[in-house]
Amino acid sequence: MKKVTHSFHSTILLFLVLLGACRTGQKSPGVGRSSGVYQYENEKKTAAPRRTGPYYSDRQAVTGKNGMVASAHPEASKVGVAILKAGGNAVDAAVAVQFALAVVYPGAGNIGGGGFMVYREKTGQAYTLDYREKGPEKAHKDMYLDSAKNVIPQLSLTGHLASGVPGSVDGMVEAHRRFGKLSWAQVLQPAIDLAEKGVALTEREALGLNRTKKSFLRVNPDKRYFMKADTTDWKTGEWLIQKDLGQTLRRIQEQGRAGFYEGETARLLAAEMQRGGGIITENDLKNYHAVWRDPLVGSFRDYKIITMPPTSSGGVALLQLLRLVEPYPLRKWGWNSDSTVQVMIEAERRVYADRAKFLGDPDFVKVPVEQLIDKAYLQTRWSDFTFARATDSRNVKGGMLPGYESLETTHFSVVDQEGNAVSITTTLNGGYGSRVVVNGAGFLMNNEMDDFSIKPGVPNMFGLIGNQANAVAPGKRMLSSMTPTIVEQDGKLYMVVGTPGGSTIITSVYQTILNVLEFGMSMQQSVNALKFHHQWLPDKTTFEEGAFSEETVRKLQSRGYMLEQLTNSLGRMDCILRRPDGSLEGASDPRADDTSVGY
Ligand code: DON
């Protein structure tokens with residue numbers, strides 16, 4: 001392979017394009033074929049494998065007896081397994097994978113973004129860590145509106161104002177401080193090696209970088225990060241070497257938290273913000289802290305679901321979805337039969353309406369979590385449902401809760417030899433985040449501010465709307481859909497699941513869990529299975545080609561469902577299932593470069 005030597009740049013893909021309702025005011029597409037709310041821009045449409053039955057591909061699972069890492073990039077999964085083999089536990093491996101992804105998968109892996117971790121110890125004790133980005137001190141509710149209170153297109157998406165204060169490094173420091181076994185230096189070293197020695201670009205990664213080149217150049221006019229010296233296109237197999245990022249990682253390795261939130265890195269980040277008209281200051285960085293939160297725990301039939309509480313909406317929404325469909329005989333109806341799909345869509349419609357009304361940062365707004373997942377409340381949500389006809393989203397509002405006052409992401413899963421399990425979803429938000437690369441430090445900043453509701457009722461890049469519960473405020477975390485989740489069976493670890501995909505994260509996790517628990521699929525089959533999505537507004541169901549039989553399409557359409565076949569895919573799942581014999585099934589998504597490595 002040809003080795004391209006250049007001090008700046010790196011890999012990858014995963015870039016979201018908004019084709020449905022979006023903040024530029026584009027109208028959502030009508031019935032028929034479309035690319036849906038968003039798509040992965042570097043989707044290889046022509047090379048897509050032939051679909052067989054309900055599956056995207058017939059990819060086979062990876063089996064391991066001792067440990068397993070499933071992530072978006074083979075190099076990152078290898079790093080995780082090397083840490084496990086060196087005696088590290090699941091948290092050590094997860095920390096190493098988070099940093100490795102920041103190097104080999106800059107479209108979504110990050111140190112300039114944030115994420116959520118669900119950790120289940122072998123004893124069954126569970127913890128969650130919220131290392132979501134925060135609004136900077138100078139953020140305010142109308143910061144993305146012009147003087148006439150109209151949204152300024154792109155401001156929350158691209159460039160320096162789009163970033164929240166990054167949380168990933170503090171998250172990893174915290175996770176390691178509390179649960180790590182190996183030294184901090186040891187878990188950082190693989191990422192440093194990958195940055196300094198380089199990594200070969202996959203076809204998908206080269207494509208992603210080439211497609212983002214223009215906006216990199218626009219946002220970072222004086223720099224050449226993430227591109228070749230002569231700015232010609234990357235080719236598959238060329239090497240990315242990221243010396244500045246390597247130096248930043250070394251500072252983090254030597255100084256821990258202070259290596260990012262203080263000193264040289266903080267100075268470089270604040271200077272970058274000043275240069276580009278951003279608002280993050282050294283003070284914002286110094287004040288950032290990840291938060292341990294009580295896990296959100298619920299049940300579905302005999303299974304225990306351990307998932308992420310707010311600031312992510314993912315866990316609440318997932319439990320609502322599962323509990324809403326629990327009374328129905330899905331298994332008898334069959335996978336993606338018209339009745340199964342219908343109740344799943346209707347559950348999604350109602351849950352996303354609740355999300356828009358009630359969910360936000362629990363440190364700022366009262367989020368009625370227990371009420372939202374209460375079975376009696378959920379039962380009331382079915383009151384206007386009939387099998388005869390699709391409910392009209394215009395008539396669906398967030399529910400009435402007694403006593404309530406209104407007031408390119410990536411996922412990886414790790415299981416170690418002892419049975420400790422980590423489920424992490426982490427992101428810059430859109431592919432390559434804000435496109436701003438911190439000059440001298442070589443890492444990309446997130447565009448997570450777009451996950452706030454920048455104006456009530458105006459959809460974000462995923463078509464999601466919100467209100468004051470998720471309004472911009474200094475120090476506040478923007479609402480997320482990330483849904484890292486762990487499922488227990490009979491008190492034992494069963495599945496570790498999660499995916500990127502913006503608003504579709506919740507519904508992909510939901511289907512992946514149901515595919516195993518209700519429809520008898522293996523973990524890999526469930527990941528391979530074709531998926532669909534509804535999010536209340538826009539009022540349509542998007543689906544992967546082949547996800548619905550002709551009969552299901554016909555029946556749903558006759559009941560008034562607006563269906564839209566995607567030209568791209570849904571989900572990039574990276575999951576692990578523990579089989580009855582104790583072996584581990586690593587199931588990575590065939591839709592991208594995702595790879596499981598076990599031993
Ligand atoms: O936190 C969220 O819900 C979004 N920022 C996630 C973005 C995402 O999944 C993009 N990747 N496909």
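Order of listing sets the numbers, starting from 1, for every ligand and every atom in it. Numbers here are sequence positions counted from 1.
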Taking 4.0 Å as the limit for heavy-atom contacts, which would you say applies to Asp451 with ligand 1: side chain only, backbone only, both, or neither? side chain
If we count only N and O atoms by modelled type, under 3.5 Å, do the side chains of Thr499 and Arg572 hold a donor and an acceptor together? no
Strictly under 4.0 Å, does any heavy atom of Arg132 approach an atom of ligand 1? yes
What part of Glu448, side chain from CB on, backbone N/CA/C/O, both or neither, has a heavy atom under 4.0 Å from ligand 1? side chain
Return the orientation label for the Tyr105 and His73 ring planes: parallel under 30°, perpendicular over 60°, tilted otherwise. tilted
Partners passing side chain to side chain contact (heavy atoms under 4.5 Å, CB included) against Ala139 (at least two apart in sequence or in another chain): Pro136, Met143, Ile279, Met449, Val472
In chain order, what residues pass the side chain to side chain contact (heavy atoms under 4.5 Å, CB included) check against Ala100, with sequence neighbours excluded? Ala76, Val79, Leu194
Quick one: which ligand 1 atoms are inside 4.0 Å of a heavy atom on Ser481? 1 (O), 2 (C), 3 (O)
Check this for me - ligand 1, Gly502, N or O atoms closer than 3.5 angstrom, yes or no? yes
Under 30°, 30 to 60°, or over 60°: which ring-plane class applies to Phe216 and Phe226, parallel, tilted or perpendicular? parallel
Which is it for Phe532 and Glu348 under the side-chain contact (heavy atoms from CB on, under 4.5 Å) test, yes or no, and what are the steps along the way? CA-CA 11 Å; Phe532 65 90; Glu348 290 169 10; 3.9 Å; yes
At under 4.0 Å between heavy atoms, is it the side chain or the backbone of Ile505 that contacts ligand 1, or both, or neither? side chain
Close-contact set for ligand 1 against Met482 heavy atoms, below 4.0 Å: 1 (O), 3 (O)
